[in-house]
Amino acid sequence: MKKLRELPYELADKLELPEDVLLGSAKLTVTGGRSAVIENHRGVLEYTAERIVVGKVCLDGTGLRLKAMNKNELLVGGRIRNIEWG
């Protein structure tokens, strides 16, 4: 028997919809280790020049800064060295 928590992912697959659209999951796009766009974010939890935590996404680096933010997306600039998703 399939687990109940797996059903939304299977539904997204059957409907051929991206999971981030159907489930409201965060979507992370990193370009050249110098910028990151996080869509469907849940807010900034920690913000320093070395670490930015946005929901379950943790960016580590140097000179990190929020360049732009609205209710759906945020743009991080700086030197991104490590990303954790938890």
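Any value given below was found using the heavy atoms of this structure, including those in side chains, with hydrogens, waters and symmetry copies removed.
- Residues Trp85 and Leu28 have side chains in contact (heavy-atom distance under 4.5 Å, counting atoms from C-beta outward).
- Residues Leu74 and Val44 form a side-chain contact, since some pair of their non-hydrogen atoms from C-beta on lies under 4.5 Å apart.
- Residues in residues 71-80 take part in no side chain to side chain donor-acceptor pair (under 3.5 Å) pair, two or more places apart or across chains.
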Requested in this report: Mind running side-chain contact (heavy atoms from CB on, under 4.5 Å) on Val76 and Leu66 for me, showing each step along the way?
Outcome: CA-CA 5 Å; Val76 175; Leu66 290 177; 3.9 Å; yes
**Report entry** Steps toward salt bridge (charged side-chain N to carboxylate O under 4.0 Å, His left out) verdict (Asp60, Arg51)
**Finding:** CA-CA 5 Å; Asp60 291 312; Arg51 182 179 182 96; 3.2 Å; yes
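- One finds the CD atom of Glu50 at 14.0 Å from the CG atom of Asn82 (value rounded to the nearest 0.5 Å).
- In this structure, the side chain of His41 does not engage the main chain of Met69 through any donor-acceptor pair within 3.5 Å.
- Exactly one residue among Leu59, Leu64, Thr62 makes a side-chain contact (heavy atoms from CB on, under 4.5 Å) with Arg81. That residue is Thr62.
- Val30 and Tyr47 fall within the same hydrophobic cluster, defined by Ile, Leu, Val, Met, Phe, Trp and Tyr side-chain heavy atoms under 4.5 Å apart, directly or through other members.
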**Report entry** Leu75 vs Ser35, side-chain contact (heavy atoms from CB on, under 4.5 Å): CA-CA, chis, key distance, verdict
**Finding:** CA-CA 7 Å; Leu75 173 62; Ser35 68; 4.2 Å; yes
